[in-house]
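Heads up, the thing below is written out as structure tokens.
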Amino acid sequence: MRLIKKLSGLLTVVSIFNVLSSCSANVKSANYSNDIKEIKIGVTLYKQDDAFISEISKNIEDIAKEKENQGKYKIIVNVADAKGNLINQSNQVDKFVAQNYDVICVNMVDRTAASMIIDKAKSANIPIVFFNREPVEEDMERWNKLYYVGADAQQSGEMQANIIINAYKKDNRMVDKNGDGKIQYVMLEGEQGHQDSLIRTEYCIKTITQNGIELEKLADDTANWQSAQATTKMSQWIKSFGDKIEVVFSNNDEMALGAINAINDANIGGKKPLVVGIDGLPKALEAVKNGSMIGTILNDSKKQANAIFNLAYTLASHGNVNSIDGLEKGKYIRTPHAEVTSDNVDLYIENK
Ligand code: BGC
Ligand code: CA
């Protein structure tokens, strides 16, 4: 009994000693941080294996390294993958809050569930830069330290339409292969709740019909941004419609490339449909170069990463956010797109 008492006394002393020594370690690091200030940026991605998202995240890390080399701050960028699961994402935000991050950049798993994340950050007074998956306006109004970086989805839909309109005007039989005066098409859509799928689809179709070109929809469905799902969908459509399909519109490049796999496997012969995507992924630029895609729209992951980083850095270093290029309504940055076809693809391949 006495021995146990003695031992537990000893343990107490040891643990007090531990506390004391860890205190002094903290003091040391606090002194040290006066010399080199540290900025901590937490990033949570809806899914790291999404090709476009992984481009943005890699670009953010590269830009941060470059900035750090300029020497003013030590910059920590911690990227977490929510793997499509909102609970993971919520836990990741909790961790960033507990570890006193300066800013949290959030690519929402479910963009309608932003309020829960906002409440956590707000009560810790940590600003949020949302990106790519846009919270609804009502949520963006919940606090004055919320920002959003993305692209103008309407413009990407309109530009996608332009690529087909221009091809049609140049040589209508290149698009309207059966010469019936209408374009028979299928549409591969992204995730149903995603602002980019809904708006891209709507404005792509609207723009073509407003230009006096008749469309006939053979089929449309979601393939959730994913190449493999698009291959499956496209194979089914080829079985149903054969060489009737004249154009494949795809809400992103990954699905466009998936559709091309199905087209190549199906042996459609000389009447392959034209495929047009959005994003400007390196693989898609190659496909435009080799002619398997008629075009894509550059969704500028570098500019978006730049905007995300600039906001995060400025917020963390208590700079003036309002001086940041392109900031609208004090909280939104939307980067412009560009049309890419065989005419100008080399320029974009060089810049990737
Ligand atoms: C991109 C898609 C991507 C999605 C993820 C869109 O803006 O075009 O390729 O899968 O964002 O949220
Ligand atoms: Ca036709």
Side-chain angles (χ1 to χ4, degrees), residues 44-57 81-84 89 105-112 130-135 148-157 159-160 164 167-168 171-186 188-201 204 208 213-218 222-230 241-258 271 273-274 276-284 296-301 303-305 308 334-337 340:
T44 157
L45 307 177
Y46 99 97
K47 242 193 212 174
Q48 191 147 27
D49 67 8
D50 178 297
F52 179 71
I53 295 301
S54 83
E55 265 196 4
I56 294 192
S57 131
D81 180 4
K83 299 195 161 129
Q89 186 153 63
C105 304
V106 183
N107 175 224
M108 288 292 308
V109 168
D110 174 356
R111 70 187 192 94
T112 62
F130 289 104
F131 63 98
N132 170 264
R133 302 163 74 92
E134 184 173 352
Y148 175 74
V149 175
D152 176 2
Q154 177 176 333
Q155 185 188 48
S156 56
M159 286 183 162
Q160 193 174 42
I164 296 301
Y168 188 89
D171 173 7
N172 62 347
R173 289 303 292 266
M174 187 183 139
V175 187
D176 177 16
K177 292 177 182 160
N178 65 357
D180 68 350
K182 295 181 210 163
I183 300 176
Q184 279 75 23
Y185 76 95
V186 295
L188 284 162
E189 293 165 0
E191 283 168 281
Q192 285 308 284
H194 197 302
Q195 79 283 341
D196 286 345
S197 346
L198 308 171
I199 301 174
R200 284 172 184 171
T201 301
C204 174
I208 294 184
I213 299 171
E214 225 181 303
L215 286 170
E216 182 185 338
K217 179 165 79 188
L218 298 177
T222 177
N224 292 307
W225 302 123
Q226 292 171 33
S227 172
Q229 289 190 30
F241 307 110
D243 63 5
K244 269 201 199 134
I245 306 171
E246 293 172 337
V247 173
V248 180
F249 293 108
S250 176
N251 281 170
N252 78 347
D253 281 345
E254 275 288 310
M255 296 187 294
L257 293 163
K271 293 206 160 190
L274 301 176
V276 56
I278 294 179
D279 278 342
L281 297 179
K283 275 188 292 182
T296 182
I297 307 302
L298 182 78
N299 187 7
D300 203 326
S301 65
K303 282 211 175 102
Q304 285 168 42
I308 296 163
R334 293 183 205 277
T335 63
H337 295 92
V340 185

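Note that ligands are numbered from 1 as they come in the structure, with each ligand's atoms numbered from 1 the same way.
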| What N/O/S atom of D176 is the closest to the Ca ion (ligand 2)? | OD1

| By atom name, which N, O or S atom belonging to D180 lies closest to the Ca ion (ligand 2)? | OD1

| OE2 (E246) to the Ca ion (ligand 2) to OD1 (N178) angle, given to the nearest 10 degrees | 70°

| query | the Ca ion (ligand 2) as vertex, arms to O of K182 and OE1 of Q184: angle to 10°? | reply | 90°

| said: Please output the residues near ligand 1 using a strict heavy-atom distance under 4.0 Å, listed in chain and residue-number order. | reply: Y46, D50, F52, N132, R133, H194, D196, R200, W225, N252, D279, N299

| query | Sequence neighbours excluded, which residues qualify as ring pair (Phe, Tyr, Trp, His ring centres under 6.0 Å) partners of H194? | reply | W225

| query | What distance do I183 atom CD1 and N172 atom CG have between them, rounded to the nearest 0.5 Å? | reply | 9.5 Å

With heavy-atom distances below 4.5 Å as the criterion, would you say the side chains of [X] and [Y] are in contact?
X: L281; Y: E254; value: yes
X: N132; Y: F52; value: yes
X: E246; Y: N178; value: yes

| remark: Paired with Q184, the side-chain hydrogen bond (donor to acceptor under 3.5 Å, both in side chains) test is passed by just one of K244, K177, E216, namely E216

| N, O or S from E216 under 3.0 Å to the Ca ion (ligand 2) | no

| message | Does either side chain, that of D253 or that of T296, offer a donor lying less than 3.5 Å from an acceptor on the other one? | response | yes

| Check ion pair R334-E134 (N to O, under 4.0 angstrom) | yes

